[in-house]
There are 2 protein chains.
Amino acid sequence: MQVATFNCNSVRRRLDVILHWLAVHNPDVLALQETKVQDHDFPEDAFLDAGWNVYFRGQKAYNGVAMITRDPVEYVSFGLQDDDGESASRLAHVTCGETAIVNTYVPQGSELGSPKFAFKLEWFTRLRRYFTERFEPTRDRVLWIGDLNVAPTPADVYDSQKVWPHLCHCQEVIDAFRAVTDWGFHDIFRKHLPESGRFTFWDYRLRNAVENGLGWRIDHVLGTQSMTDASVSCDIDVESRLQKGSSDHTFVTASFR
Amino acid sequence: MQVATFNCNSVRRRLDVILHWLAVHNPDVLALQETKVQDHDFPEDAFLDAGWNVYFRGQKAYNGVAMITRDPVEYVSFGLQDDDGESASRLAHVTCGETAIVNTYVPQGSELGSPKFAFKLEWFTRLRRYFTERFEPTRDRVLWIGDLNVAPTPADVYDSQKVWPHLCHCQEVIDAFRAVTDWGFHDIFRKHLPESGRFTFWDYRLRNAVENGLGWRIDHVLGTQSMTDASVSCDIDVESRLQKGSSDHTFVTASFR
DNA sequence: GTGGCTAATG
DNA sequence: CATTAGCCAC
C-alpha cells in the first residue's frame, strides 16, 4: 500500500499538478490539505473522470481536506466530532481494509501567544482524545498523516536556533504534539530517513529556499506500531516543489507491506 | 512595410503571446493598446532581449499604449497634448521614415449618455484637432490604427439591429468617428476585405463567440490617401483569438508597398 | 470571462 | 510569493 500527503494550497490552482502526480505515482491514498474550496466548487469531476474516488470537506478560502483513493473506502468521516462541525475542514478519516487513515490540517496558530495559538494547542489535545476514543494503539493499524504544523525536532528545521521559538517549532507546540504521539504513534518518516535536512515545506517568500535548504518538515507520516512495522519506505518529492506553479509544500509518500 | 495593431488586454499577461506573434510575423510596427501597466513595470527587457524597440506609456490598471518596432523610430510622442498628460496612455505617435503612425485607444464610454460617454465623443473631436494641427491629408502619409471602440457600419457587428444603440455602435459615436475620418482617412481594412462578418474583438462573456460569429470590428487600420494607395493587403489573425490565454481582441495586420 | 486593484492570510 | 475575497472595468 502506498499513501501520500500533500498540502496543495488550493486544489483548484493545483488540479493539474495533482492529477499528473496521481497518474505518475498511482498511490492507494492521497491526503490533501488546504484545498481552500467550498464543497459545491470542489473539482470532483476532474478526479472522478481520471478514475479516482474523492472525499472532501471544505469551506470558503481557508482549510479544507480531501482524500483521493484508488478504491472506494469502507468508511469516511470528517472533523473531530466534538464540535458543531467547525473542524470538519481540518480532519478526514477513512478506513481502507484494516487500516484507518486520519488526515489532519492542524491549525497554524497565527502568532505565538495569540488566541489562535491557544486554539492550535487545544487542537492537539482534542486530537489525542479523538484517537483514544476510537483506537487501541497496540491493536489497531492507524496512520496519522497531513500538515501537522509542527517541526518536532531541530533536525526538522533549516536553523532551529534561528527560528526558535516559532509557531511550528516551540516548546508548547512540540509538547502538545508529543502528547498525541505518546498515545502510540511512531514517526514512520524518520524510521526510513533519519538524517536532518529532509524538508516538506519551503516558504514562498524565501527565494530559492529549496536550493538553499531553507525548509521545514511539518508534513508527517505517523503510525501505530503495526503500521510502523509494516512500513518499507518514505520519500519526499522535492522536484515537484521546484516546478513553477507548485504549492509551497510538496508530496510525502510512504509505502507499506 | 507591415504594421499591426493589437488590444492585448494586459501586456504582462500576454507577453508570451505577443513575443511569439512578433517572432512569427516580424512586422515593422506593432501597436498595442490596454497594456494595463505603469511604465516602471512594463516588461521592456523582454522586448529588447528579443531584438525589438519598444516605446510605451501606461498607468495603473487601465489603458496604456505601446509601439513595438523593428527599427528605432525617428520620433515618438504620447498623448493628445491638449491636456496635462491624462491622454498619454491612450495615444502613441511615431514616425517611421515618411510615415506617421498614430496608435489610439479610444475611450470605451462606459454607458450611453454617461459622463464617460461624453468624454468618448469629445475624444474624437480632440483627435480630429490632433490630426488637423499636425498633418495635411493630401500630402502626408498618416496611419491611424488601434482600438477605436467604434463599429462604424452594420457590417462591423454580428447583429447591428440587435445591439443598436450600443456604446460602440450608435449614431453619436459613428458621427464623432466620421468627423475624424472626414478630415482625410480611408478605411484601409475595408479596401481589402469588403465583406461583412470580419471581426477583431469577441467578448469573453459570450461562449464560443468566435465560432458563432458573435464579434465586432472595432480595431482599425485607417490611412490618408497616399497610405491607402500604398496598402496591398490586410488580415485578421482569428486563430490567435481561439488559443486559450488570448486577449478578447486579436491582431490586425496591414501591408504596404 | 478575464483583466487589475486592495486587503488579509500564510 | 502566492493564495483567497470582493471590487471595478470592459
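Each chain gets a letter, A, B and so on, in the order its sequence line appears, and its residues count up from 1.
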Let me spell it out: for each of Thr35(A) and Gly109(B), pick the nucleotide of DNA chain D with the closest heavy atom. Which residue's pick is nearer the 5' end? Thr35(A)

Figure out the CG/P separation between Asp41(B) and dG4(C), and round it to whole Å. 11 Å

When the ring planes of Phe177(A) and Phe124(A) are compared, do they come out parallel, tilted or perpendicular, using 30° and 60° as the limits? perpendicular

Any residue in residues 156-166 of chain B with a heavy atom nearer than 4.0 angstrom to DNA chain D? Just list them by number, or reply none. none

For Asn103(A) and Gln33(A), does a side-chain donor sit closer than 3.5 Å to a side-chain acceptor? yes

Taking the basic N atoms (NZ, or NE/NH1/NH2) and the acidic carboxylate oxygens, is any pair closer than 4.0 Å for Asp147(A) and Arg90(A)? no

Once you round it to whole Å, what is the distance between P of dC5(C) and OH of Tyr62(B)? 9 Å

Do NZ/NE/NH1/NH2 and the carboxylate oxygens of Lys36(B) and Asp41(B) come within less than 4.0 Å? no

Does the side chain of Phe117(B) reach to within under 4.5 Å of the side chain of Ser110(B), using non-hydrogen atoms? no

Once side-chain hydrogen bond (donor to acceptor under 3.5 Å, both in side chains) is applied, do any residues pair with Asp39(A), and if so which ones, sequence neighbours excluded? none

If we ignore angles and hydrogens, is there a donor and acceptor under 3.5 Å between the side chains of Ser240(B) and Trp21(B)? no

Side chains of Ser247(A) and Asn9(A), donor plus acceptor under 3.5 Å: no

I need the CD-P distance between Gln243(B) and dT2(C), as an integer number of Å. 14 Å

Between dC5(C) atom P and Gln59(B) atom CD, what is the distance in whole Å? 11 Å

Give the residues of residues 197-208 of chain B touching DNA chain C, defined as any heavy atom closer than 4.0 Å, sorted by residue number. Tyr204(B), Arg205(B)

From CG (Asp248(A)) to CG (Asn7(A)), nearest 0.5 Å: 6.5 Å

Strand contacts (DNA chain C) in residues 7-17 of chain B, 4.0 angstrom heavy-atom criterion: Asn9(B), Ser10(B), Arg13(B), Arg14(B)

Ion pair check, Arg126(A) and Asp83(A), cut-off under 4.0 Å: yes

Nearest-angstrom distance from the residue atom CG of Asp248(B) to P of dG4(C): 12 Å

Kindly say whether the aromatic ring centers of Phe251(A) and His25(A) come within a distance under 6.0 Å. no

Check every nucleotide of DNA chain D for an atom under 4.0 Å from a heavy-atom of chain B, then give the first and the last such nucleotide from 5' to 3'. dA9(D) to dC10(D)

Within this structure, what is the CD-to-C1' distance between Glu34(B) and dG1(C), rounded to whole angstrom? 14 Å

Should Val252(A) and Phe6(A) count as side-chain neighbours, where that means a heavy-atom distance under 4.5 Å? no

Both Tyr105(B) and Lys36(A) contact DNA chain D. Taking the nearest nucleotide for each, which residue is further toward the 5' end? Lys36(A)

Return the set of residues passing side-chain hydrogen bond (donor to acceptor under 3.5 Å, both in side chains) with Ser160(B) (not counting sequence neighbours), or none when no residue passes. His169(B)

